[in-house]
Amino acid sequence: MSTTSTAKSRRRLPLTRERVLDAAMKLADGGGIEALSMRKLGQALGVEAMALYYHFANKERVIDGIVDLVFGEIDLPASGADWKAAMRRRAISVRDALGRHRWAIGLMESRTNPGPANLRHHDAVIGCLRAAGFDMAAAATAYSLLDAYVYGFALTKMNLPFETTTDIAEMAETMLEPFPAGEYPNLAAFISEHAMKPGYDFADEFEVGLDVILDGLERAHDRA
């Protein structure tokens, strides 16, 4: 089938809000949020950009929508669940969702027109903590601490200049070569004794650090 026939087939499908958001998500996943524009979105859907404005007032509203889709992928704390286990599952689920949609890391908490999945997510997390006996101030502290860790880790992981231990070895050689041997002994030891071990993966650090934070929150909660 020709490209023209394919485009005509796409145009025969009703242009729905769901189709627009699905196409927008694919554009963002493929090329980052900078790849998303009303013009490119129209091209992907086989329609004129003006047709999109029936469903979305502007690009920001489209971004609100795809951010809401990401929130919809995250596991919510179940009613009556143990708060610590629920927060752990939720943090891992956020990390995994951000790994699938790297463009979303800096946008998840930026929306001034949040969608229902966004609001439901925040409400459920706060509700889980309050049901466990956290007062509102303590719940706010726990929530902000966990999110700072999750989003910060995801951002660091996304920007690391290496993927494998081979990459680390090459980077270390280039990074330390200009300096006298022994100039940075602790960094050199970290690289050789930890980061260059077979099977090392920075991503494995996530759950270790997460458990440290959750244990600390549990101790603070028990004292309170």
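Residue numbers run from 1 in the order of the sequence given.
- Under a 3.5 Å cut-off, the side chain of His55 and the backbone N or O of Leu15 do form a donor-acceptor pair.
- A distance of 10.5 Å separates CD of Glu207 from CG of Leu214, quoted to the nearest 0.5 Å.
- Using a cut-off of 4.0 Å between Lys/Arg side-chain N and Asp/Glu carboxylate O, Asp22 and Arg19 are scored as not salt-bridged.
- Remark: side-chain polar atoms of Asn159 are paired, donor with acceptor, to backbone N or O of Leu155 under 3.5 angstrom.
- The salt bridge (charged side-chain N to carboxylate O under 4.0 Å, His left out) check on Glu205 picks up nothing, with sequence neighbours excluded.
- For the pair Asp68/Pro116, a side-chain contact is recorded, criterion being any heavy-atom separation below 4.5 Å from C-beta on.
- Remark: Arg61 CZ to Leu21 CG distance equals 13.0 Å, nearest 0.5 Å.
- Leu52 contributes atom CG, which lies 13.0 Å from atom NZ of Lys59 (distance to the nearest 0.5 angstrom).
- Residues Tyr54 and Leu41 are members of separate hydrophobic clusters, defined by side-chain heavy-atom contacts under 4.5 angstrom among Ile, Leu, Val, Met, Phe, Trp and Tyr.
- Note on Leu187: it clusters hydrophobically with Leu160, by side-chain heavy-atom contacts below 4.5 Å among ILVMFWY residues.
- Note: Phe153 and Phe202 meet the aromatic proximity criterion, with ring centroids under 6.0 Å apart.
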inquiry  = Checking Leu129 against Met87 for the side chain to side chain contact (heavy atoms under 4.5 Å, CB included) test, could you report, in this order, the C-alpha distance in whole Å, the side-chain angles of both residues, the deciding distance, and whether it holds?
reply    = CA-CA 9 Å; Leu129 293 168; Met87 290 301 105; 4.1 Å; yes
task = Take Glu109 and His122 through the test side chain to side chain contact (heavy atoms under 4.5 Å, CB included) and record every step on the way to the result.
result = CA-CA 10 Å; Glu109 300 299 332; His122 287 79; 2.9 Å; yes
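- Atom CG of Leu217 and atom CH2 of Trp83 lie 5.0 Å apart (nearest 0.5 Å).
- Looking at Asp147 and Arg90, a side-chain N of the basic residue comes within less than 4.0 Å of a carboxylate O on the acidic one, giving a salt bridge.
- Aromatic ring pairs are classed by plane angle as parallel below 30°, tilted from 30° to 60° and perpendicular above 60°; the pair Tyr143 and His121 is tilted.
- No side-chain heavy atom of Leu176 sits less than 4.5 Å from a side-chain heavy atom of Glu183.
- Here CG of Asp64 is found 8.0 Å from OG of Ser110. Values are rounded to the nearest 0.5 Å.
- Salt-bridge formation is not detected for the pair Asp75/Arg89: no Lys NZ or Arg NE/NH1/NH2 atom is positioned less than 4.0 Å from an Asp or Glu carboxylate oxygen.
- Leu98 and Tyr149 end up in the same hydrophobic cluster when Ile, Leu, Val, Met, Phe, Trp and Tyr side chains are linked at under 4.5 Å.
- There is no path of hydrophobic side-chain contacts, each under 4.5 Å, that joins Val94 to Val208.
- At least one side-chain heavy atom of Arg111 sits less than 4.5 Å from a side-chain heavy atom of Ile63.
- Residue Lys84 places its NZ atom among more than 12 non-hydrogen atoms of other residues, nucleotides or ligands, all under 6.0 Å distant.
- For the pair Met136 and Ile126, the minimum side-chain heavy-atom distance is below 4.5 Å.
- To the nearest 0.5 Å, the span separating CG on Leu45 from NZ on Lys40 amounts to 14.5 Å.
- For the pair Arg95 and Phe206, the cation-pi test (distance below 6.0 Å, angle within 45°) is passed.
- Looking at Arg102 and Asp29, no side-chain N of the basic residue comes within less than 4.0 Å of a carboxylate O on the acidic one, giving no salt bridge.
- Residue pairs meeting the side-chain hydrogen bond (donor to acceptor under 3.5 Å, both in side chains) criterion with at least one partner in residues 129-141, sequence neighbours excluded, are absent.
- Taking both residues in full, the closest heavy atoms of Gly182 and Pro185 are given as O-CD, 3.3 Å, listed atom of the first, atom of the second, then distance.
- Of the possible donor and acceptor atoms, none in the side chain of His194 sits under 3.5 Å from a partner among the backbone N and O of Ala189.
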request  = For Leu210 and Leu146, run side chain to side chain contact (heavy atoms under 4.5 Å, CB included): C-alpha distance rounded to whole Å, both residues' side-chain angles, the deciding distance at 0.1 Å, then the answer.
outcome  = CA-CA 8 Å; Leu210 177 60; Leu146 286 165; 3.8 Å; yes
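- The closest side-chain heavy-atom distance from Val125 to Leu76 is not below 4.5 Å.
- The shortest non-hydrogen separation linking Arg17 to Gly65 is NH2-CA, 4.5 Å.
- A salt bridge is defined here as a Lys NZ or Arg NE, NH1 or NH2 lying under 4.0 Å from an Asp or Glu carboxylate O, and Asp215 with Arg219 fails to meet this definition.
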task = Any chance you could lay out the side chain to side chain contact (heavy atoms under 4.5 Å, CB included) test for Met38 and Val20, step after step, and finish with the verdict?
result = CA-CA 10 Å; Met38 299 303 264; Val20 174; over 6 Å; no
